[in-house]
K.L.:
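Mind looking over this structure? Questions follow.
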There are 2 protein chains.
Amino acid sequence: MRMAQVSEHSGVPIATIKFYLREGLLPRGRRISTTQAEYGEEHLRRLRLIRALIQVGRMPVATAREVLAAVDDESLSQHQRLGAAAWALPGPVPPEQDGSGPDETEQARREVSALLARLGWQAAGPDSPPGQALTAAVATLARLGYPCDADHLALCARAAERTAEAELDLLESFPDRAAQVEASVALTVLYEPVLLSLRRLAHVEESARRFED
Amino acid sequence: MRMAQVSEHSGVPIATIKFYLREGLLPRGRRISTTQAEYGEEHLRRLRLIRALIQVGRMPVATAREVLAAVDDESLSQHQRLGAAAWALPGPVPPEQDGSGPDETEQARREVSALLARLGWQAAGPDSPPGQALTAAVATLARLGYPCDADHLALCARAAERTAEAELDLLESFPDRAAQVEASVALTVLYEPVLLSLRRLAHVEESARRFED
DNA sequence: CATGATTGGATAGTGCCACTTTCCAACACT
DNA sequence: AGTGTTGGAAAGTGGCACTATCCAATCATG
């Protein structure tokens, strides 16, 4: 398959494909001659994954490159590769430090620590990327004056636990480890808008029940 | 309070505050003289809300303006004002239409319709902004070859339902309707990183249980 | 009261970043 | 032979969230 065909099948402009090649997101095709290269199905899948990471996951190109590198790195453990997106995606959201006032971040870190202990989660501490992201989010809530109820958090965490099990089950249904890794990254990113939309819909529904005539 | 004080207390640069004033996100202060204006607590809170929407919620300035307009619009019903963020936030993610192949969007729309019917949700149809967002997300999943299990979706939806109840309870604990509306918008946006982080952590945890050692 | 600092506001500029455009030499097709 | 296409490199574009500069009016201080 030539680059033009890749573009046609994926809907991604040729110039953008060249850009991804240059940035190291998409591996080069097998060179046929000085001016031609051959691309296969795996390039198409990788291209769709790139688009998912960047457009749906709003991931910066540099971050996507790291995630894809982890996906391709066979020297990593399966666990590390599966977690690539989880570890790379929560770009350190600038904590918006307020010069004065109490340090909400420190308080939030303690709450997160307590929550993880209570849940019995040990694989990722409060200083892992997703743990830091959670801490930052809780701190932001506190800074705006909305305390984060620990019980409510635990409830949501349990729900997340159950959906994580279901998703891991789905992952294990894939034949080879490479496909599992790719699916893990894709599902991590692509399910987020699904879950957020469901939450919004649930809000609207519940609000209608309570406030609509 | 002068603008400099607002900047100091919020940590937002004066130039940025001026930008928000210009863009109509932050109401002008009460004019004291030709060159001075007085700002109050409500400006501080609004400023924090703006930052939350833009930086945490990654909302474009224009969208934030719409959300805040709905928040301030007392002619709307409480239900409509509470839903402002839910309706405005899912900016129409370009469906990344692939020229060829089956129309996954249409299929996704049917699935979403069926899901809403099964859940008994009637307040927001598949063509409401959050419904469209859900449809687009499901279609993207399908396009990448990851079918979206209806049972799994329903499970997540039930979980979302329960957390929505808890959050509405929290909202109703606020004294006046204006505070409720503001809290609704803030919580809608600020809880998202919390929930996504929890999901990531749950993934890491479950993956560690299955694949570590 | 003189004078320098500060204020709110208008205008134009900056930096980042995901692409896009342009150009080119080497092919492939007819 | 001639026309179109290919992959690649380099420079350009557009959008957007700020940010720097100016300005005239006003405030604060000696």
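Just the heavy atoms: all of them, side chains too, but no hydrogens, waters or symmetry mates, feed the values below. Chain letters run A, B, ... following the sequence lines, proteins first, then strands; residues in each count from 1.
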K.L.:
Does R31(A) reach a base, just sugar-phosphate, or nothing at all? Heavy atoms under 4.0 Å.
P.N.:
sugar-phosphate
K.L.:
Is the count of non-hydrogen atoms from other residues, nucleotides or ligands lying under 6.0 Å from R31(B) atom CZ greater than 12?
P.N.:
yes
K.L.:
Please state how far atom NE2 in H43(B) lies from atom P in dG8(C), giving the value in whole angstrom units.
P.N.:
11 Å
K.L.:
Looking at dA26(C), dG9(C), dA18(C), which one has an atom nearest to any side-chain atom of T34(A)?
P.N.:
dA26(C)
K.L.:
Which nucleotide, dG9(C), dT7(C), dA26(C), lies nearest any side-chain atom of T35(A)?
P.N.:
dA26(C)
K.L.:
Which residue, Q36(A) or R22(A), contacts DNA chain C at a nucleotide closer to its 5' end, judged by nearest heavy atom?
P.N.:
R22(A)
K.L.:
For the side chain of I54(B), counting heavy atoms from C-beta on, which of dC18(D), dC27(C), dG8(C) is nearest?
P.N.:
dC18(D)
K.L.:
Between Y191(A) and H152(B), does the ring centre distance come in under 6.0 Å?
P.N.:
yes
K.L.:
Among side-chain atoms of Y39(B) and R46(B), is any donor-acceptor pair under 3.5 angstrom?
P.N.:
no
K.L.:
What is the distance, to the nearest angstrom, from the CG atom on L53(A) to the P atom on dC17(C)?
P.N.:
17 Å
K.L.:
Identify whether any heavy atom of I14(A) sits under 4.0 Å from a base atom; if not, whether one sits that close to sugar-phosphate; answer base, sugar-phosphate or nothing.
P.N.:
nothing
K.L.:
Round to the nearest Å and state the distance from E23(B) atom CD to dT19(D) atom P.
P.N.:
14 Å
K.L.:
Can you measure E38(B) atom CD to dC27(D) atom P for me and round it to whole angstrom units?
P.N.:
13 Å
K.L.:
When the distance from CZ of R2(B) to P of dG9(C) is rounded to whole Å, what number comes out?
P.N.:
12 Å
K.L.:
Go through dT19(D), dA18(C), dC19(C) for me and flag the one nearest to the T16(B) side chain.
P.N.:
dT19(D)
K.L.:
Please report the distance, rounded to the nearest Å, between CD1 in I32(A) and C1' in dG7(D).
P.N.:
12 Å
K.L.:
When you look at CZ of R110(A), are more than 12 heavy atoms from neighbouring residues, nucleotides or ligands closer to it than 6.0 Å?
P.N.:
yes
K.L.:
Compare the minimum distances between each of dT7(C), dG8(C), dT21(C) and the side chain of A15(A), then state the nucleotide with the smallest one.
P.N.:
dT21(C)
K.L.:
Out of dC27(D), dC19(C), dA28(C), which has the shortest distance to the side chain of S33(A)?
P.N.:
dA28(C)
K.L.:
Give R28(A) one of three labels, base, sugar-phosphate or nothing, depending on what nucleic acid heavy atoms sit under 4.0 Å from its own.
P.N.:
sugar-phosphate
K.L.:
Round to a whole Å and report the spacing from CZ of R30(A) to P of dG8(D).
P.N.:
14 Å
K.L.:
Tell me whether E106(A) at atom CD has more than 12 heavy atoms from other residues, nucleotides or ligands lying less than 6.0 Å away.
P.N.:
yes
K.L.:
Taking the nucleotide of DNA chain D with the nearest heavy atom to each, does K18(A) or M59(B) sit closer to the 5' end?
P.N.:
K18(A)
K.L.:
Measure CG/L26(A) against P/dA18(C) and give the value in whole Å, please.
P.N.:
16 Å
K.L.:
Tell me whether the OP1 or OP2 atom of dC18(D) has a side-chain N or O from Y20(B) closer than 4.0 Å.
P.N.:
yes
